[in-house]
Amino acid sequence: MPELPEVETVRRVLQERYAGKTVTAVALGKPTFYRAPPLAAIKILTGGVIAAFRRRGKYLIVVIEGRGEVIFHLGMSGRITIGGESPHVRFQMWIGTEALRFHDSRRFGRVGCLLPDLGPEPLDTAFTADYLWKLLRKRTAPVKALIMDQKLIAGLGNIYATEALHAAKVRPGRAGKSLSRAEVEKLAVACRDILSRGVEAGGATLDDEAFLDPLGRPGRMQMGVMVYGREKCGTCGGPVIGTRKSIGGRASAYCPSCQL
DNA sequence: ACGAGTACCTGGCAGC
DNA sequence: TGCTGCCAGGTACTCG
């Protein structure tokens, strides 16, 4: 599922290819994709000149010169392609002769104009060990649920949160406030590190969550995954404990030997 | 304010 | 084979 590195990978392709170009037409997918059709987004995009593709957390933002911004969230199954047919097109826009399509088979994606409240991103300078410490210090919720809360930290989903906790040697079910200052410092570094490695690798393309960029290219981050979706820990080779729906209603995985 | 739970949605797969 | 039913995921919502 697209988390920060996957969305950033998409953004870079689109920025390189379409910045400065004009959106000649826009079309919505079937009405069943929308509770309310994103009319404001259509108005901003149609005939507009693309100033830039930006990103905030897992949100992809199209900035149109002199008009405003349109926000895309890929949900868990969202994919952006250039051309390419599917029965699951939520949204499409034409740039010159090319059709940029947003496919959304599980319909968890969003198109709109409002960006929700989001915390700092681990790659921001505002994200420090001190920030994370203050965030976790008094919380009883599982640390994994907290670092996946986009209002607190923007960009981590299940894969990268799982991997960051593994790198920091902290079990996902630990209460936020149970982490020592040293563990919080390791976790802050791990969050930053795992996302920058993900971006560098062009995202993670796991078997069941086949992320591809708009040109159809897979990422390489799956090579660096140590626990998520694995039976054996990539660090020590011991068995990975998988639990379903246990933390924040989500599946979790950790290595009981590497993580305390 | 916080934490827990649930709805949303459908492709894929386990189990019958 | 064909069916049923569960499950994955992120976000937005409710409830206590």
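All chains are named by letter (A, B, ...) in the order of the sequence lines, taking the proteins before the strands, and each is independently numbered beginning at 1. As the structure is a computational prediction, the values presented were derived from the model and not from experiment.
Regarding Arg106(A), its CZ atom lies at a distance of 13 Å from the C1' atom of dC8(B), rounded to whole Å. The CZ-P distance, from Arg35(A) to dC9(B), rounds to 8 Å in whole Å. Atom C1' of nucleotide dC9(B) and atom NE2 of His73(A) are separated by 15 Å, given to the nearest angstrom. Taking atom CG of Leu114(A) as the reference point, atom C1' of dA12(C) lies 14 Å away to the nearest angstrom. Glu6(A) places its CD atom 11 Å from the P atom of dG10(C), with the value rounded to the nearest Å. With rounding to whole Å, Met148(A) atom CE is found 12 Å from dA8(C) atom P. Between the P atom of dA12(C) and the CZ atom of Arg107(A) lies a distance of 19 Å, rounded to the nearest Å.
Direction change of the helix axis from one end of the helix from dC2(B)-dG16(C) to dC16(B)-dG2(C) to the other is 50°, with five pairs defining each end axis (rounded to 10°).
For dG11(B), one of the phosphate oxygens OP1 or OP2 lies less than 4.0 angstrom from a side-chain nitrogen or oxygen of His88(A).
Residue pairs meeting the salt bridge (Lys or Arg N to Asp or Glu O under 4.0 Å) criterion with at least one member in residues 191-203 of chain A, sequence neighbours excluded: Asp193(A)-Arg197(A). Legend: side chain to side chain donor-acceptor pair (under 3.5 Å) pairs involving residues 64-76 of chain A, not counting sequence neighbours, sorted by first then second residue: Arg54(A)-Glu69(A). Within the structure, the side chain to side chain donor-acceptor pair (under 3.5 Å) test picks out the following pairs touching residues 249-260 of chain A (sequence neighbours left out): Lys144(A)-Ser252(A). For residues 20-43 of chain A, the pairs satisfying side chain to side chain donor-acceptor pair (under 3.5 Å) are Thr32(A)-Arg107(A), with sequence neighbours left out. For residues 160-171 of chain A, the set of pairs meeting the salt bridge (Lys or Arg N to Asp or Glu O under 4.0 Å) definition, not counting sequence neighbours, is empty. The side chain to side chain donor-acceptor pair (under 3.5 Å) analysis of residues 4-14 of chain A, with sequence neighbours excluded, yields the pairs Glu6(A)-Tyr160(A), Glu8(A)-Arg11(A), Glu8(A)-Arg12(A), Glu8(A)-Arg55(A).
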Show the distances under 3.5 angstrom between N or O atoms of the protein and N or O atoms of nucleotides 3-6 of chain B.
from, atom 1, to, atom 2, distance (Å)
dG3(B), OP1, Arg139(A), NE, 3.4
dG3(B), OP1, Thr140(A), N, 2.7
dG3(B), OP1, Thr140(A), OG1, 3.1
dG3(B), OP1, Ala141(A), N, 3.1
dG3(B), OP2, Arg139(A), NE, 2.4
dG3(B), OP2, Arg139(A), NH2, 2.3

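Remark: side-chain polar atoms of Thr205(A) are paired, donor with acceptor, to backbone N or O of Gly219(A) under 3.5 angstrom.
By the side chain to side chain contact (heavy atoms under 4.5 Å, CB included) test, Leu114(A) pairs with no residue at all, sequence neighbours left out.
Think of Tyr59(A) as one node in a network of Ile, Leu, Val, Met, Phe, Trp and Tyr side chains linked at under 4.5 Å; its network also takes in Ile61(A), Val63(A), Ile71(A), Leu115(A), Leu118(A). Clustering of Ile, Leu, Val, Met, Phe, Trp and Tyr side chains at separations under 4.5 Å leaves Met148(A) isolated, with no partner residue.
Near DNA chain C, meaning a heavy atom under 4.0 Å away, the residues from residues 149-158 of chain A are Gln150(A), Gly157(A), Asn158(A).
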